[in-house]
Amino acid sequence: MPTKPLIDQTEWQALKDHRSAMDSVHMRDLFDQDPDRFQRYFVEAAGLSLDYSKNRITQETLGHLMALARARHLPEQIEALFKGEHVNNTEDRPALHTALRNLGDGPVEVDGTDIMPEVRQTLKRMEEFVWRVRSTQWRGFSNKPFTDVVSIGIGGSFLGPKLVSAALKPYWHGQLNCHYVANIDGSHITEVLRHINPETTLFLIQSKSFRTQETLENTRIAREWFLHNGGSEDRIAKHFVAVTANEAEAIDFGITRDNIFPMWDWVGGRYSLWSAIGLPTALTIGMENFRGLLAGAHAMDRHFREAPLEENMPVIMALLGIWYGNFWDADAHAVLPYDHYLRGLPAHLMQLDMESNGKCVRRGGEPVHWETGPIIWGGAGANGQHAYHQLLHQGTRLSPADFIMPLHTHNPVGQHHAILFANCLSQAQALMRGKTRDEAHQELLDKGHSEDEATRLAPHKAIPGNKPSNTLLFDRATPHTIGALIALYEHKTFTQGAIWDVDSFDQWGVELGKQLGQTILGRLNADTDDITTDSSTDGLIKLFRKTHDVD
Ligand SMILES: O=P(O)(O)OC[C@H]1O[C@](O)(CO)[C@@H](O)[C@@H]1O
């Protein structure tokens with residue numbers, strides 16, 4: 001495993017030198033010189049196709065990047081991940097989300113114990129539960145079938161299931177609506193409760209730790225609402241189910257033991273949609289489709305573990321990210337799904353990538369002296385074209401982008417899909433080619449502008465181009481392809497963390513805010529100034545207290 005600081009690797013220096021040589025190379029010329037560029041930089045895996053030809057790369061670039069990956073022992077690190085080694089070293093545990101979708105018969109061991117029997121048994125329990133709810137065997141207290149599922153959870157206990165549920169909307173069971181409540185903003189839960197009926201609503205409390213303030217407070221409100229609207233303590237068991245690794249606290253909270261699905265400490269929150277945390281998804285799309293999702297992810301797992309680095313989709317995407325982030329000063333990476341149902345993908349990847357690799361110390365505790373995870377951002381195309389794509393085309397900051405699109409839509413309406421596809425391709429093409437000042441000048445003259453006008457406007461209309469992007473395609477958004485797509489990004493994130501030598505599976509940075517929040521909450525509610533913080537926080541606390549008559 002890497003011990004040397006990354007920047008001391010000779011492969012790093014070689015990449016720096018190569019970067020300087022690439023400074024004057026424009027992708028436009030690379031395409032003009034090589035008619036086979038598309039085939040040369042194209043890879044398929046698990047039902048996904050990646051065109052990465054629109055990147056500032058040559059065969060030499062890839063050679064250097066692959067050499068860096070090998071120097072960082074990437075193949076060995078991939079094996080360590082799948083074998084259940086303690087890759088999450090600050091929490092001293094494995095990160096075995098891959099076991100949750102391991103559809104093979106083989107064992108997966110955590111410290112000598114095969115975890116697969118428990119994984120399979122939980123899947124079976126989920127199967128039975130989903131079947132009972134969907135077939136209306138399990139009903140609400142007044143014997144009416146459920147119409148609504150409310151999932152209460154935040155972070156990984158929210159974003160992943162929400163993304164998958166939305167991505168697979170065409171597979172939803174007609175009678176069951178799914179709502180997600182995450183935020184500790186009373187408006188969120190109020191809005192959801194306003195539209196549902198307690199007699200026909202099933203609450204899923206999703207929290208690995210069962211200690212997350214937002215989730216517990218929202219659950220309290222849901223419980224009170226249920227009790228005040230026809231429910232009673234002995235009816236709670238019919239309406240409240242939990243998924244957690246902390247059974248004891250869930251029971252203390254009032255959830256019946258039989259209604260608790262397990263989680264394990266070897267599953268990270270942002271990698272948990274494949275576990276029982278996926279129950280809201282499974283309830284809406286059915287267990288067969290949920291298994292399809294797992295199968296897609298498993299296919300990507302096998303590819304990641306088995307394919308040579310040069311043909312390995314997550315590895316290629318990860319190395320391209322390193323190329324731009326560490327050698328071209330790109331601070332950001334855009335995720336642009338051209339699919340309405342996938343509009344939640346950027347939000348999920350923000351957590352996945354930024355919570356995993358937003359780190360400034362190495363696994364051994366030394367500071368990193370190189371950039372780590374980028375800012376992930378994005379949104380659905382083509383909407384973004386009329387909003388933030390301007391910055392991608394002409395801004396001074398570099399943000400490589402992933403264009404993601406199915407070849408077929410679930411909703412063939414008029415010419416929509418072809419138009420959407422054309423938009424997707426044209427954006428990537430425009431980013432790559434750009435428009436020279438001469439071209440812009442000529443275009444203006446052709447449109448009848450005077451020479452003076454053309455000279456004045458051409459600099460504004462010129463577009464530099466040479467802006468990198470990947471295009472990821474798949475036939476249709478099915479459980480299988482969505483599973484593969486999410487697993488692809490998980491492995492991309494892992495690969496980058498492995499090369500940067502950071503622990504991609506902890507998240508200590510989020511703890512300080514939580515700790516301080518408790519102190520501040522105490523001061524907001526009570527006229528006590530015994531703990532002072534800083535003049536800004538103190539001043540803001542006083543403002544709140546004044547407007548709430550606390551003083
Ligand atoms: O599932 P839990 O334990 O409620 O945690 C929710 C989220 O909170 C975090 O710990 C960050 O605060 C995430 O990593 C996690 O996904």
Side-chain angles (χ1 to χ4, degrees), residues 87-97 100 122 150-165 180-185 188-189 203-223 240-255 259-281 344-359 373 376 486 489-490 493-494 497 502-518 520-521:
V87 291
N88 179 353
N89 74 305
T90 70
E91 294 178 300
D92 196 18
R93 56 199 188 202
L96 272 173
H97 40 286
L100 298 168
T122 303
V150 177
S151 167
I152 302 180
I154 199 164
S157 300
F158 158 62
L159 291 161
K162 184 170 185 241
L163 161 66
V164 178
S165 297
Y180 288 88
V181 174
N183 208 347
I184 189 73
D185 175 335
H188 199 174
I189 188 138
F203 289 95
L204 294 179
I205 317 308
Q206 311 244 79
S207 179
K208 178 180 168 184
S209 61
F210 223 82
R211 288 195 178 144
T212 305
Q213 186 187 41
E214 293 89 336
T215 302
L216 296 185
E217 289 302 319
N218 277 323
T219 304
R220 259 183 211 110
I221 298 297
R223 198 170 179 276
F240 284 76
V241 169
V243 182
T244 186
N246 188 352
E247 194 185 72
E249 290 203 25
I251 291 171
D252 275 0
F253 200 84
I255 310 281
N259 283 6
I260 299 174
F261 286 84
M263 267 274 281
W264 303 276
D265 69 357
W266 43 260
V267 184
R270 50 196 176 272
Y271 301 86
S272 65
L273 69 96
W274 322 98
S275 70
I277 288 287
L279 264 180
T281 313
L345 185 65
H348 175 66
L349 297 188
M350 274 184 216
Q351 188 201 13
L352 173 65
D353 198 312
M354 292 163 83
E355 203 174 62
S356 296
N357 287 340
K359 308 282 165 69
I376 303 292
I486 298 171
Y489 278 98
E490 289 179 352
T493 303
F494 170 78
V502 297
D503 183 342
S504 297
F505 298 106
D506 62 15
Q507 58 284 317
W508 300 108
V510 301
E511 294 304 321
L512 178 60
K514 288 185 196 172
Q515 274 168 19
L516 296 178
Q518 289 300 340
I520 292 176
L521 181 63

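All ligand and atom numbering here is 1-based and tracks the order in the structure. Here, residue 1 is the first one in the sequence, and each next residue gets the next number.
The shortest contact between atom 14 (O) of ligand 1 and any protein heavy atom is with Glu355 OE1, 2.9 Å. For atom 3 (O) of ligand 1, the closest heavy atom belonging to the protein is Ser209 OG, 2.6 Å. For atom 16 (O) of ligand 1, the nearest non-hydrogen atom of the protein is Gly156 N, 2.7 Å. Among protein heavy atoms, the minimum distance from atom 5 (O) of ligand 1 is reached at Thr212 OG1, 3.5 Å. Of all protein heavy atoms, the one closest to atom 8 (O) of ligand 1 is Lys514 NZ, 4.5 Å.
Ring orientation note: the planes of Phe505 and Tyr271 are tilted relative to one another, at an angle of 30° to 60°.
A donor-acceptor contact shorter than 3.5 Å links the side chain of Tyr180 to the backbone of Pro161. Counting only distance, with no hydrogens or angles, the side chain of Gln351 and the backbone of Gly156 share a donor-acceptor pair below 3.5 Å. Checked by atom type and distance alone, the side chain of Lys208 never pairs as donor or acceptor with a backbone atom of Asn246 at under 3.5 Å. Arg93 places a side-chain N or O within 3.5 Å of a backbone atom of Asp265 that can act as its donor or acceptor partner.
For Gln351, the closest heavy-atom approach to ligand 1 falls below 4.0 Å.
Counting non-hydrogen atoms of neighbouring residues, nucleotides and ligands closer than 6.0 angstrom, the CZ atom of Arg211 reaches no more than 12 such neighbours.
Summarising the contacts of atom 1 (O) of ligand 1 with Gly155, Gly269, Ser157, the nearest heavy atom is found in Ser157.
Counting the atoms of ligand 1 from 1 in the order shown, those under 4.0 Å from a heavy atom of Lys208 are 1 (O), 2 (P), 3 (O). Less than 4.0 angstrom separates some heavy atom of Ile154 from each of these atoms of ligand 1: 6 (C), 7 (C). Atoms of ligand 1 lying under 4.0 Å from at least one heavy atom of Val510, given by number and element, are 11 (C), 12 (O).
A salt bridge links Lys359 with Asp506: at least one charged nitrogen is closer than 4.0 Å to a carboxylate oxygen.
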